[in-house]
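Just so it is clear, the model here is predicted, and its values are computed rather than measured.
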Amino acid sequence: MMRLLFRKAWVLFLISLALLIEACTPVPISEDSGLALAPSIQKFSFTPNDVDLDSLVPDSRGRVRVDFQVSVETNLETEAITVSLISEDGDDVLATSSLVLSSSRKGASGEVSVLLTKSQTGRYLLVASAFSSKGISFSNSRGSVNLRARINYLPVLIQVNSPDTVFIPTPTEGRRVFQITAVATDTNGIADIREILATRLDNPQITFSLLNDGDRNGQSGDFSAADSVFTATLQINSDNTSVTRTFSYQAIDKSGAKSNIIQRSITFVR
């Protein structure tokens, strides 16, 4: 009886062992899974890796465009290659672009463009990722990018000298010319101020600029260039009606940064 019980126990042990071995045997990865065909990045290069944002011309919103020329090589044919510019901690993605694949589909090249403000200085990462036909990526490569610029201080609008009253000319006079001046400063230098923009409060589409160009006989009527006084020369015609207009004035620097606002009103009377 004891021998029979021992034999049954031994059989159960062998069955359990066989099941355990089967469970631990690795399952081969089929090509259909897409895992075996995931491409690997062998080479990743780009330029530039150091960018002086001050050397670039900003757009109307104060942003500059940085273009990275990128080249990627992979060991296998790839379905897509993307490149992203991200913050060092990975929390902020500034731009992502898909590159144009080479004829062999084992690499790609192209341009990654990003719009930045001069406040977005520091070290970033340019990350390339290669994807299989299944949309799977097990390979990426990265490089460091340094974005630098001087500290940009906001301009300061100190005062606006605007006439309280302007008399509308008679038909015989035809038109009357008057000037508005403003004083502004900028820690980055007075040349950093692009203009002082005047905006009519009741109709923001109507604006004019006070300039510091020294064109005393020209459009601005500014007396001396590169000082702290900005000037606009305006005219009013005889067919204008009596009205009070209020304008807001704001200094804007070359990066698009804006100063405090000063408001002034002009009453046009006959």
Side-chain angles (χ1 to χ4, degrees), residues 29 31-155 186-189 191-192 194 252-258:
I29 297 175
E31 291 188 357
D32 290 339
S33 70
L35 300 181
L37 299 180
S40 174
I41 294 178
Q42 304 296 298
K43 183 179 178 181
F44 173 45
S45 61
F46 62 88
T47 58
N49 56 17
D50 184 78
V51 182
D52 180 7
L53 300 181
D54 286 328
S55 67
L56 304 176
V57 179
D59 62 14
S60 59
R61 297 173 59 184
R63 302 172 303 174
V64 295
R65 172 172 168 164
V66 181
D67 298 320
F68 296 96
Q69 304 299 322
V70 180
S71 177
V72 180
E73 295 179 9
T74 59
N75 64 331
L76 298 174
E77 290 187 12
T78 181
E79 187 69 19
I81 294 177
T82 64
V83 177
S84 301
L85 182 67
I86 66 174
S87 57
E88 275 196 313
D89 57 14
D91 291 340
D92 189 15
V93 179
L94 280 70
T96 298
S97 295
S98 294
L99 301 184
V100 178
L101 295 176
S102 63
S103 57
S104 67
R105 303 183 70 85
K106 291 185 178 181
S109 61
E111 186 174 84
V112 178
S113 299
V114 58
L115 289 173
L116 304 165
T117 64
K118 291 185 180 181
S119 63
Q120 292 176 286
T121 57
R123 301 199 72 83
Y124 292 83
L125 296 175
L126 208 60
V127 181
S129 301
F131 295 86
S132 71
S133 59
K134 303 291 184 180
I136 298 173
S137 175
F138 285 111
S139 177
N140 64 53
S141 185
R142 58 190 59 200
S144 181
V145 175
N146 182 44
L147 304 177
R148 55 188 172 84
R150 63 177 179 171
I151 297 175
N152 187 50
Y153 295 94
L154 295 180
D186 192 316
T187 302
N188 296 119
D192 192 46
R194 185 181 72 209
I252 304 174
D253 71 13
K254 291 179 179 178
S255 74
K258 299 178 180 180

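Distance check: L125 CG to L85 CG gives 8.5 Å after rounding to the nearest 0.5 Å. In this structure, NZ in K254 is found 11.5 Å from CG in N152, a value given to the nearest 0.5 Å. The line from OG of S141 to CD of E73 is 11.5 Å long, rounded to the nearest 0.5 Å. To the nearest 0.5 Å, atoms CD1 (I252) and CG (D186) are separated by 12.5 Å. Distance NZ/K43 to NZ/K106: 16.0 Å, rounded to 0.5 Å. With values rounded to the nearest 0.5 angstrom, D50 atom CG is found 8.0 Å from R123 atom CZ.
In this structure, R150 and D192 have side chains that are in contact, with non-hydrogen atoms separated by less than 4.5 Å. Under the 4.5 Å side-chain criterion, counting only non-hydrogen atoms from C-beta, L56 is not in contact with R65. A heavy-atom distance below 4.5 Å is not found between the side chains of F46 and V83. Residues P48 and F68 have side chains in contact (heavy-atom distance under 4.5 Å, counting atoms from C-beta outward). Side-chain atoms of N75 and P39, non-hydrogen and from C-beta on, do get closer than 4.5 Å to each other. No side-chain heavy atom of L76 sits under 4.5 Å from any side-chain heavy atom of T74. At a threshold of 4.5 Å between non-hydrogen side-chain atoms, the residues T121 and L116 do not count as touching.
The two residues N140 and S129 make their nearest non-hydrogen contact at CB-OG, 3.7 Å. The two atoms that bring I81 and A108 nearest to each other are CD1-CB, 3.8 Å, heavy atoms only. Between L115 and Q120, the closest heavy-atom pair is O-OE1, 4.3 Å. Closest of all the heavy-atom pairs between F44 and L126 is CE2-O, 3.3 Å. When every heavy atom of A149 is checked against every heavy atom of D52, the shortest pair comes out as CA-OD1, 4.5 Å. Closest of all the heavy-atom pairs between A257 and L154 is CB-CD2, 3.6 Å.
Remark: side-chain polar atoms of S87 are paired, donor with acceptor, to backbone N or O of D92 under 3.5 angstrom. Using a distance-only test at 3.5 Å, with no hydrogens or angles considered, no donor-acceptor pair links the side chain of S71 to the main chain of S109.
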List the steps and the verdict of side-chain hydrogen bond (donor to acceptor under 3.5 Å, both in side chains) for N188 and D253. CA-CA 9 Å; N188 296 119; D253 71 13; over 6 Å; no
